[in-house]
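Written below as structure tokens is the structure these notes are about.
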Amino acid sequence: MSKYPFNEIEKKWQKFWEENGTFKVKEDPSYPKEKRAYVLDMFPYPSGAGLHVGHPEGYTATDIYCRYLRMKGLNVLHPMGFDSFGLPAENYAIKTGTHPKITTEKNIEHFRKQIKSLGFSYDWDREVSTHSSEYYRWTQWIFLQLYKKGLAYEAETPINWCPDCLTGLANEEVKDGRCDRCGHQVERRNTRQWILKITDYADELLDGLETLDWSDSLKAMQRNWIGRSEGANVKFKLENSDDIIEVYTTRPDTLFGATYMVLAPEHPFVETITTKEQRKDVDKYIKDASMKSDLERTELAKDKSGVFTGAFAINPVNGEKIPVWISDYILISYGTGAIMAVPAHDQRDWEFATKFDLPIIEVLKGGDITVEAFTGDGPHINSGFLDGMGKEESISTMISWLEEKNSGKKTVNYKLRDWIFARQRYWGEPIPLIHCPKCGIVTVPEEELPVTLPEVDDFKPTGHGQSPLAKVEEFVNCKCPQCGTEAKRETITMPQWAGSCWYYLRYLDPENDERFLSKEAEDYWMPVDLYVGGTEHAVLHLLYARFWHKVLYDLGLVSHKEPFQRLVNQGMITAYSYQRPNKSLVPTDEVKESEDGSFVEIVTGEKVEQVIAKMSKSLKNVENPDDMIAQFGADSFRMYEMFMGPFQVSKPWSTKGLSGVHRFLNRVWNVATRELTDEKPPAELVKILHKTLKKVSLDTDAMEFNTAIAQMMIFINEVYKHDKCYRELWEPFVLVIAPYAPHLGEEMWQMLGHKEILAFESWPQWIEELTLDDEKEVVIQINGKVRSKMIIAAGTPKEELEKRAFENEKIISLTEGKNIIKTICIPDKLVNIVIK
RNA sequence: GCGAGCGUGGUGGAAUUGGUAGACACGCUGGUCUUAGGAACCAGUGCCUCCGGUGUAAGGGUUCGAGUCCCUUCGCUCGCACCA
């Protein structure tokens, strides 16, 4: 394959941009508000493995978009940084003794070099790394603002604990009962924690979604996660006691059908209400439940378990005596940790009642409750004052009744839990608090920030819920800032998500050592106009960052309620893998393509099917950007990633596809090196140019990069047939291809004799008349089927079209003797003749 | 189970408001040039019983006309999951 000198060209322009500070950006007040854009990438965690092909996908998209916006005359902020606190570096430190700071900074170095090799137009002067003390000084400062606002609290509660990462996890970090990071099964464990009251912002986080230009699926994920539900809390008096059990239900209308109650095994009342006779069974059940992990509790969901406490409660609506059971299908962390069971109209209760032979009373007509619970709508029966009413009406009627009788009230519940904001590990921001024996918890004075991480030799967590910092006496022991007594520093560190909660703000003013962010910079740039990243952060980073931003807004520190106005998720880059008939996957290097295009496993000679799978080391289908850039160049690599398919959709990597794009750029180069002429180009080429300018402009604007590239290919395929390079065509084409292939673009611009670079040239405007065809191919249909075609001058009126259609020989023969019912005529498109 | 989305050639994918299905690219086939090429260039390429028919997961509907709109079914992907 012949190669244009991409290596030389790319090095040359990267050096030029760097040395000339081409993409440094200032808060220039001469740009009005609408001529400013803040385009943000999700910054990477600098792992030891380096960049994978997924990173440059989003980065290329934003880079193209930014370069396009600059040419449209906008002042564009486009920064990059590193999310550099995190477990891998720390685990590596435990294994090798190398300080995480050393590993992290080496990795950052490597990442930065790799990112730069792709020719992105970042303003590197604004780079931030979350692990640097100048940065985390302000992360700690924001934490203090949250603490002072009463949004951070200390608690010793059972939480998700990863035995491999040796740290507590937030709810959001647990997937299918396993640690999101390492896949280990999560345990329940009582550990001291710092927790942020994200639930205080549940409604704001929910309502704010309405104002955002995000995909519906992403908004749905956040809504699901917040999980708002409306219902009622209902009070049940216990028999022979003054105690009251409160339950939460979304179906207060079914109260007449409540035949028993169930408490979570951890419910505080279990201890007091259990009768002597039942004590043994209850204690055993609680012990068994506590031994189970969350995963086991859900896995066993199919078969309900439970035990009777011996106690009875009184149904407030009819005075009926109903038994109180405990079962682990009731979660202590949701609602009140207790339910009223309505087996006729709730499938879980139905299963439980069926298993333990508890009564099932139908209170809504419409289903067959001997087979399953009926959860649909219908008229109420056996329900006193609700009889005859439908679901909605009886819910509100019942709530009014309960409120009147002081037996309950309308209640809103959320699935969202408070955020466990703590890691019992070393490599994170120390929480800037001090425990004083006299004053209690005292904040570190703001002027003493940052509380820096002490140097340690042993990074190993104690495994007893203590961070390695607890062993560092010089760090732990301090004086209380209030009373001067000997006190102890907090040794829990913040989770990795802390730094990424506000990095987009620090980019605006990265050098400021007076404030976390100046008002002026915030006013100039915020909010983020376009934020691009993967879906994996749908409920983690994006929820946490929105929460912090809302707190900062309430404190008057930022001027918008939402940080990220528009968000676009890139699709994942997957890879091909091969599957045996039994569905097991075969590593790519153990498969060969046979002559008929099918794939066989080399060892067995058996046919395997080509399927799409995630890139993984074990399947040997991971592609390394460095190799691709070395072989094809950064411009080819960038352009291929954009050509693969729609940006938001996941798509499989194909190195053959990359070589196709590379071939295209070779052809571009070939044209660029032809004899340059100021002659008037042929009219048909001018037409294709303007069609191309239009398509590339509209598609780039809409981030439909794949079709923009296809149009540029069409342009080159035509131009290629002529042996000259027409300046009139080539100058605008070079300008529109430049955001996609910026190195090649600049080089060709220089070859055209320009002294100035093209990065800030104006984007070429197409001329609409020149995009229009003079002639159109119009199809003639009979009963909707294409029977003939004719070439006709564009804009030919209906009457003329019809006349021409009926003059067509084939049409004459097909319509002869037929009854013509009507004729539909769409100018420039078709004539449809309906016959019988 | 709930929520979101998707099914188009051998492959990745194109198709304004419903208006010529398969743009562009990969792969494949044939040819030209070359000492050679996994280079370059040219031509062809949905399928079939090939002057015709058929075709966008399957079936039905609306319409002069459906990949696109509506209904049913099937399949796949992602997220959540005993959330009362």
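The sequence lines fix the lettering, A, B, ..., with proteins before strands; numbering per chain opens at 1.
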Legend entry - Geometric cation-pi criterion A/K415 and A/W225, 6.0 Å radius, 45° cone: yes

Legend entry - B/rA25 phosphate, OP1 or OP2, under 4.0 Å from A/R663 side-chain N/O: no

Inset, instruction - Heavy atoms under 4.0 Å is the rule here; annotate nucleotides 47-54 of chain B 5' to 3' with B where the base is hit, S where only the sugar-phosphate is, and - elsewhere. - result: ------SS

Inset, instruction - Have a look at B/rG9 and give me syn or anti from its glycosidic angle (syn if within 90° of zero). - result: syn

Inset, instruction - Would you kindly check if the NZ (Lys) or CZ (Arg) of A/R674 is within the cone defined by 45 degrees around the ring axis of A/Y720 and under 6.0 Å from the six-membered ring centre? - result: yes

Legend entry - Distance flag, aromatic centroids of A/Y329 and A/F352, threshold under 6.0 Å: yes

Inset, instruction - Check the chi torsion on B/rC78 and let me know: syn if it falls within 90° of 0, anti if not. - result: anti

Legend entry - All stems with RNA chain B, defined as three or more consecutive Watson-Crick or G-U pairs under 3.5 Å: B:1-7 with B:74-80, B:10-12 with B:24-26, B:27-32 with B:40-45, B:46-48 with B:52-54, B:57-61 with B:69-73

Inset, instruction - With RNA chain B as reference, determine whether A/P646 or A/I833 sits nearer its 5' end, using the nearest nucleotide of each. - result: A/P646

Legend entry - Sub-6.0 Å ring centroid separation between A/H662 and A/F637: no

Legend entry - A/L830 CG to B/rG65 C1', straight-line distance once rounded to whole Å: 8 Å

Inset, instruction - Have a look at A/N706 and say if it touches a base, only the backbone sugar-phosphate, or nothing, with a 4.0 Å heavy-atom cut-off. - result: sugar-phosphate

Inset, instruction - Return the nearest nucleotide to the side chain of A/N717; candidates are B/rC26, B/rC24, B/rA84. - result: B/rC24

Legend entry - Donor/acceptor link under 3.5 angstrom from A/N832 side chain onto base of B/rC64: yes

Inset, instruction - Please state the P separation for the pair B/rU73 and B/rC80 - nearest whole angstrom. - result: 27 Å

Legend entry - Cation-aromatic face contact A/R546/A/W214, 6.0 Å, 45 degrees: yes

Legend entry - Pairwise C1' distance for B/rU35 and B/rC47, with rounding to whole Å: 43 Å

Inset, instruction - Record whether the side chain of A/K415 comes under 3.5 Å of the base of B/rC80 through a donor-acceptor pair of N or O atoms. - result: no

Inset, instruction - State whether A/K656 places a side-chain N or O below 4.0 Å from either non-bridging phosphate oxygen (OP1 or OP2) of B/rU11. - result: no

